[in-house]
Amino acid sequence: MTFSCKARVTQPFLLLVALSATVHAHAADLPAVPAAITEAGVIRAGVRCDQPPYGFQDQKGDYAGVEVEMARQIALWSLGSKDKVTFTCVTAENRVPQLIGRKVDLLIATLGVTPERQRVIDFTKAYRWGASDVLVKKDSAIASIAGLKGKTVATLKGSVQAKWFEDHMPEVTTLRMNSAADALQAFRQGRADAYTHDAATLVVAAGSDDTLRLIGEPFQVSDAAIGVRKNDEAWRDYLSAAIGRMHDEKLFRPWVQQYVPVAIQGYYLSVFEQAKPAEAL
């Protein structure tokens with residue numbers, strides 16, 4: 001009888017010890033938080049405000065999206081609260097200058113890793129891959145990227161897509177806009193024959209408008225990572241470890257399920273959970 005009673009007391013105790021050990025093991029996975037971050041007591045994150053499901057502002061004006069949730073999670077792990085982060089809306093054109101100018105502490109802003117950017121900022125380990133694609137009207141005769149020769153393509157100022165067309169297809173005229181919303185509107189108004197951006201962004205547009213379709217040729221396949229300033233190795237390494245922990249704890253799946261319509265969740269889950277595809281071009 002005495003043995004049975006001890007067993008009932010010991011098992012919950014052992015479970016508590018095991019859970020405590022697990023928590024401490026996860027905490028040990030993250031290096032020390034840089035002193036500059038702890039002293040500031042808040043993280044200033046540069047995020048997109050017009051790029052659902054990664055970063056956008058909801059009907060109340062609050063920041064939302066997968067990358068916004070990443071920033072909140074980093075604040076929780078580093079400073080103890082998801083509320084200890086402030087958000088600055090950045091664009092494709094101004095996000096790197098905002099970081100270099102110390103307006104933000106990090107960029108989680110659909111930022112692809114490119115040699116040009118690596119010359120001026122550092123990147124963490126990748127948290128997802130991304131590819132570019134092209135959106136056209138469903139009844140358009142354009143069936144491939146090659147079919148864009150002599151056409152006008154809407155894109156964003158400072159985007160990797162604008163640079164790609166400049167380098168690889170100079171016979172394409174690029175209409176460079178300040179925001180994704182402006183580029184999509186210009187395309188819908190007929191000011192451009194097509195609209196190029198991250199495939200993930202275009203999947204949302206095509207999924208909500210049955211008059212549009214994707215060409216379906218991935219190009220500019222690259223990793224997306226968090227951007228930090230040069231010579232900020234401790235912060236970069238902390239964030240890389242945080243990304244690893246997000247993957248280990250499978251946090252990206254519920255974030256995708258929270259912000260992405262069920263019909264197109266498969267694509268978004270693949271960019272976080274599967275290997276990069278081969279580039280079509």
Side-chain angles (χ1 to χ4, degrees), residues 46-59 61 64-65 67 88-98 109-112 114 116-117 130-222 224 259-261 263-264 267-268 279-281:
V47 297
R48 302 302 294 269
C49 55
D50 64 345
Q51 294 269 237
Y54 294 128
F56 62 98
Q57 287 177 286
D58 62 20
Q59 293 179 342
E67 292 175 337
T88 295
C89 175
V90 298
T91 66
E93 187 177 27
N94 75 8
R95 55 193 166 182
V96 171
Q98 288 273 64
T110 63
L111 190 65
T114 67
E116 294 82 9
R117 289 171 181 159
S132 300
D133 208 328
V134 178
L135 194 69
V136 296
K137 299 288 180 61
K138 183 167 284 187
D139 59 0
S140 172
I142 301 170
S144 66
I145 291 177
L148 293 169
K149 290 181 180 179
K151 305 293 186 182
T152 298
V153 178
T155 186
L156 272 69
K157 294 177 181 177
S159 68
V160 294
Q161 294 82 19
K163 183 70 166 60
W164 188 91
F165 275 98
E166 181 181 306
D167 292 344
H168 295 86
M169 295 186 71
E171 57 273 85
V172 171
T173 299
T174 53
L175 178 63
R176 306 186 186 199
M177 309 301 290
N178 290 322
S179 71
D182 290 343
L184 180 59
Q185 183 179 25
F187 162 59
R188 282 179 164 151
Q189 290 173 341
R191 295 164 58 196
D193 302 290
Y195 166 38
T196 183
H197 205 152
D198 296 333
T201 299
L202 301 184
V203 165
V204 174
S208 60
D209 187 341
D210 60 9
T211 69
L212 307 177
R213 63 177 170 83
L214 289 173
I215 285 179
E217 285 187 65
F219 68 98
Q220 196 74 40
V221 178
S222 64
Y259 291 110
V260 179
I264 56 175
Y267 176 85
Y268 288 91
E279 191 153 357
L281 298 179

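Along the sequence shown, residues are numbered consecutively beginning with 1.
- Within the model, atoms CG of Leu184 and CG of Asp209 stand 8.0 Å from one another, a figure rounded to the nearest 0.5 Å.
- To the nearest 0.5 Å, atoms OG (Ser144) and NZ (Lys149) are separated by 9.0 Å.
- With sequence neighbours excluded, the residues satisfying side chain to side chain donor-acceptor pair (under 3.5 Å) with Ser179 are Asp182.
- The shortest distance between side-chain heavy atoms of Val134 and Phe219 falls below 4.5 Å.
- Note that the CE atom of Met169 and the CD1 atom of Ile145 stand 7.5 Å from one another [nearest 0.5 Å].
- Between Val204 and Pro53 the shortest side-chain heavy-atom distance falls below 4.5 Å.
- Summarising the geometry of Gln220 relative to Trp164, their closest heavy-atom pair is OE1-CD1, 2.8 Å, with the distance given to 0.1 Å.
- The minimum heavy-atom distance linking Arg95 with Ala109 is given by the pair NH1-O, 2.7 Å.
- For the pair Lys151 and Thr173, the minimum side-chain heavy-atom distance is 4.5 Å or more.
- A 4.5 Å side-chain heavy-atom check between Arg117 and Leu111 finds at least one atom pair inside the cut-off.
- Legend: residues meeting side-chain contact (heavy atoms from CB on, under 4.5 Å) with Thr174, ordered by chain and number and at least two apart, are Thr155, Phe165, Arg176.
- Smallest separation of non-hydrogen atoms from Ala154 and Ala192: N-CB, 3.6 Å.
- Screening residues 194-218 for ring-ring contact (aromatic ring centres under 6.0 Å, His included), with sequence neighbours left out, gives Tyr195-His197.
- When all heavy atoms of Ala143 and Ile215 are compared, the closest pair comes out as O-CG2, 3.9 Å.
- Taking Thr91 as the reference, Asn94 meet the side chain to side chain donor-acceptor pair (under 3.5 Å) condition, with sequence neighbours excluded.
- Taking both residues in full, the closest heavy atoms of Asp193 and Val136 are given as O-CG1, 4.1 Å, listed atom of the first, atom of the second, then distance.
- Residues meeting the side chain to side chain donor-acceptor pair (under 3.5 Å) test with Asp58, sequence neighbours left out: none.
- Distance check: Arg213 CZ to Ile142 CD1 gives 8.0 Å after rounding to the nearest 0.5 Å.
- If you take CG on Leu135 and CG on Leu202, they are separated by 5.5 Å, rounding to the nearest 0.5 Å.
- Expressed to the nearest 0.5 Å, how far NZ of Lys157 lies from CG of Asn178 amounts to 4.0 Å.
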### Message
Quick one, Leu156 with Glu93, criterion side chain to side chain contact (heavy atoms under 4.5 Å, CB included). Give me CA distance, side-chain angles, the key distance, then yes/no.
### Response
CA-CA 8 Å; Leu156 272 69; Glu93 187 177 27; over 6 Å; no
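- Residues passing the side chain to side chain donor-acceptor pair (under 3.5 Å) test with Asp133: none are found, sequence neighbours excluded.
- Tyr259 and Ala64 make their closest contact through CE2-CB, 3.7 Å (heavy atoms, listed as atom of the first residue, atom of the second, distance).
- Looking only at side-chain heavy atoms (C-beta outward), Gln161 and Asp198 come within less than 4.5 Å of each other.
- The backbone N or O of Thr110 lies less than 3.5 Å from a partner atom in the side chain of Glu67, making a donor-acceptor pair.
- Taking 4.5 Å as the limit, every side-chain heavy atom of Thr152 sits out of range of all side-chain heavy atoms of Arg191.
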